[in-house]
Trainee: 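Pasting in a structure now, in structure tokens, and then I'll have a few things to ask.
FYI, side chains are in, hydrogens and waters are out, and symmetry mates aren't considered; it's all heavy atoms of this structure. Counting from 1, the numbers follow the sequence of the chain as shown.
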Amino acid sequence: MEKKDFAYLLLGVVGGLLFALGMCMCLLPEWDAFKPGVVMTALGVLVLLVLALVRWIAAGKPVAKVNWKAVGKVAYGVVAALVLGTGMCMIMVFEGLMIPGILVGIVGIILLLGLIPVVKGLK
């Protein structure tokens with residue numbers, strides 16, 4: 001393993017842990033740490049964005065070129081993951097939303113399954 005790969009690995013782990021811990025702080029009412037959780041989540045996202053930018057520049061690719069087709073596919077995937085996450089949140093965090101949460105979660109799973117043909121294409 002080269003030094004740059006180890007640095008990428010380290011930054012990715014740190015960014016992912018900051019993001020995950022921040023999300024836990026935001027979503028678990030027992031922790032009572034919503035505001036610090038938002039800050040920690042934002043810090044994790046920032047570390048991961050810096051990592052992506054550094055890797056992109058190190059690969060010698062131009063930063064300003066945007067592939068709008070790929071952006072649309074990523075946006076679809078993000079929306080699908082957010083729908084699934086909303087259903088999970090409705091089930092685990094809020095009382096009385098078990099059935100609606102299950103239905104929203106099923107819609108999210110269907111959207112995520114639809115991501116396969118969107119990305120790979122139908123042949």
Trainee: Please set out all donor-acceptor pairs under 3.5 angstrom arising from side-chain atoms of residues 13-34, sequence neighbours excluded.
Mentor:
none

Trainee: With the 4.5 Å side-chain cut-off for hydrophobic clustering, are Leu9 and Leu46 part of the same group?
Mentor: no
Trainee: With rounding to the nearest 0.5 Å, note down the distance linking CZ in Arg55 to CD1 in Ile57.
Mentor: 13.0 Å
Trainee: Would Val54 and Val50 count as a side chain to side chain contact (heavy atoms under 4.5 Å, CB included) if you check the C-alpha gap in whole Å, the side-chain angles of each, and the deciding distance to 0.1 Å?
Mentor: CA-CA 6 Å; Val54 167; Val50 167; 4.2 Å; yes
Trainee: Using the test side-chain contact (heavy atoms from CB on, under 4.5 Å), find all partners of Ile106 that sit at least two apart in sequence or belong to another chain.
Mentor: Ile102, Ile110
Trainee: Check the pair Leu11 / Val47 against side chain to side chain contact (heavy atoms under 4.5 Å, CB included), numbers first and verdict last.
Mentor: CA-CA 7 Å; Leu11 275 175; Val47 169; 4.1 Å; yes
Trainee: Is Trp56 linked to Leu10 within one hydrophobic cluster, defined over Ile, Leu, Val, Met, Phe, Trp and Tyr using a side-chain heavy-atom separation of less than 4.5 Å?
Mentor: no
Trainee: Please set out all donor-acceptor pairs under 3.5 angstrom arising from side-chain atoms of residues 75-90, sequence neighbours excluded.
Mentor:
| residue | atom | partner | partner atom | Å |
| --- | --- | --- | --- | --- |
| Tyr76 | OH | Leu111 | O | 3.0 |
| Thr86 | OG1 | Leu82 | O | 2.7 |

